[in-house]
There are 2 protein chains.
Amino acid sequence: MKISSKGEYALRALLVLGQHEGKVLSIADISDKTLVPISYLEQILLQLKMLGHVKSKRGSRGGYSLRTNPADVNIGDVIRRLEGPLAPMGCASITSYEPCILEPTCLLKPLWTRIRDTVAQILEETTLADLLDRRFSR
Amino acid sequence: MKISSKGEYALRALLVLGQHEGKVLSIADISDKTLVPISYLEQILLQLKMLGHVKSKRGSRGGYSLRTNPADVNIGDVIRRLEGPLAPMGCASITSYEPCILEPTCLLKPLWTRIRDTVAQILEETTLADLLDRRFSR
DNA sequence: CTGAATCCTTACTAAATCACTCAAGATGAT
DNA sequence: ATCATCTTGAGTGATTTAGTAAGGATTCAG
Ligand code: FES
Ligand code: FES
């Protein structure tokens, strides 16, 4: 049930950008503040950019900044698109459902479904702004 | 946030044993009913035995059966001991806490803690008997 | 008593994933 | 033009996952 370091690092980066909203921070700056290795962080920021959460400015004095308001960054969405479905099993996933062999008679599926629903609810109710303000589920 | 096949297989095996309470089932029988490869299942049942959830009988006509009442088998405990902590990060784990570098100022920890608490609550409130009866969190 | 059925133990491994690192190119500010 | 920065794509060592394989130990049936 672990979250990978990639997801964790992405959120750290978003938090730092959120704490300096409006400013443009270089990858090196973000790396300093998040303790994420520069060259790994590069890849992660690239992905966050593709997901539309962040924008970049190239060239000297360039860097990254948030593309949207922190209140519009959905944490569940970030994690799901960065490291895959929130459900603990394919058969319980809504966004990337995959059938199980034993599904028709499976006694476990309701459990997995309940876990996925609960986790998804927490994560999807939380925005970057909530985290920045130490406030949860609105 | 995935659950590994080992945990899934262990629960499947326990469910089959629970559905035939009192009887002794051979590994081959359990493998047939769970679709878990025999030689992998051996290892898993061995672990379940060490955890005290199951007992074995050797020799001809031997096999496995539940050691305790299904109502006494805590699903959270099974999963945790078979595949590690329920928390999504070390710093949010109660049973195997590990510090994070950024912990003092970390804005994420409350989120991880909340996820771990919720997941743990669901899993620890559920027993094998609940699953067998398609009933949850009593 | 013997042999077959079964669990037990240990060792091994192919494939996937993770957590990066590295090198070279593109772009923009000065 | 130069330098700081992002961009792109490939490469890699460590770890985990999901098993397989081989042989030994124990019990029961006949
Ligand atoms: S775990 Fe997917 S249907 Fe049972
Ligand atoms: S994630 Fe562990 S303290 Fe922030």
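Quick caveat, the model's predicted, so the values are computed rather than measured.
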Notebook entry, point to check: With sequence neighbours left out, what residues match B:R12 under salt bridge (Lys or Arg N to Asp or Glu O under 4.0 Å)?
Noted result: B:E8
Notebook entry, point to check: Excluding sequence neighbours, so at least two apart, what forms side-chain contact (heavy atoms from CB on, under 4.5 Å) with B:T118?
Noted result: A:T118, A:I122, B:R114
Check: Distance-only, no hydrogens or angles: does the B:E98 side chain make a donor-acceptor pair with backbone N or O of B:C91 under 3.5 Å?
Finding: no
Item checked: Any residue meeting side-chain contact (heavy atoms from CB on, under 4.5 Å) with A:P85, in chain and number order, not counting sequence neighbours -> A:S93, A:S96, B:K2
Notebook entry, point to check: Do A:R81 and A:D77 sit within salt-bridge range, that is, some charged N less than 4.0 Å from a carboxylate O?
Noted result: yes
Item checked: Selection residues 60-116 of chain B - residue pairs positive for ring pair (Phe, Tyr, Trp, His ring centres under 6.0 Å), sequence neighbours left out -> none
Next item on the list: Heavy atoms of chain A, cut-off under 4.0 Å: which first and last nucleotide of DNA chain C, 5' to 3', fall inside that, if you could look?
Entry: C:dA19 to C:dA29
Item checked: chain A footprint on DNA chain D, 5' to 3' - any atom under 4.0 Å from a heavy atom -> D:dA4 to D:dA10
Margin query: By the 4.0 Å heavy-atom rule, please label A:S39 as base, sugar-phosphate, or nothing.
Written below: base
Check: Tell me, which of residues 43-67 of chain A have any heavy atom that sits under 4.0 Å from an atom in DNA chain C?
Finding: A:Q43, A:R58, A:G59, A:S60
Notebook entry, point to check: Do any pairs count as a ring pair (Phe, Tyr, Trp, His ring centres under 6.0 Å) and have a residue in residues 30-60 of chain A, sequence neighbours left out, and if so which ones?
Noted result: A:Y9-A:Y40
Checklist line | Test side chain to side chain contact (heavy atoms under 4.5 Å, CB included) applied to A:V16 and A:D29, step by step | finding: CA-CA 10 Å; A:V16 166; A:D29 284 346; over 6 Å; no
Notebook entry, point to check: Could you state the interatomic distance from CG (A:D117) to CD (A:E124), rounded to the nearest 0.5 Å?
Noted result: 9.5 Å
Notebook entry, point to check: For B:I101, which fellow cluster members are found when Ile, Leu, Val, Met, Phe, Trp and Tyr are connected by side-chain heavy-atom distances below 4.5 angstrom, either directly or through intermediates?
Noted result: A:L35, B:L102
Could you list the donor-acceptor pairs under 3.5 angstrom formed between side-chain atoms of residues 54-61 of chain B and any protein atom two or more places apart in sequence or on another chain?
| unit_1 | atom_1 | unit_2 | atom_2 | d |
| --- | --- | --- | --- | --- |
| B:S56 | OG | B:K49 | NZ | 3.2 |

Next item on the list: Please work out which residues in residues 17-31 of chain A have a non-hydrogen atom less than 4.0 Å from an atom of DNA chain C and list them by number.
Entry: none
Checklist line | By side-chain contact (heavy atoms from CB on, under 4.5 Å) - contacts of B:Q47 (at least two apart) | finding: B:K6, B:L82
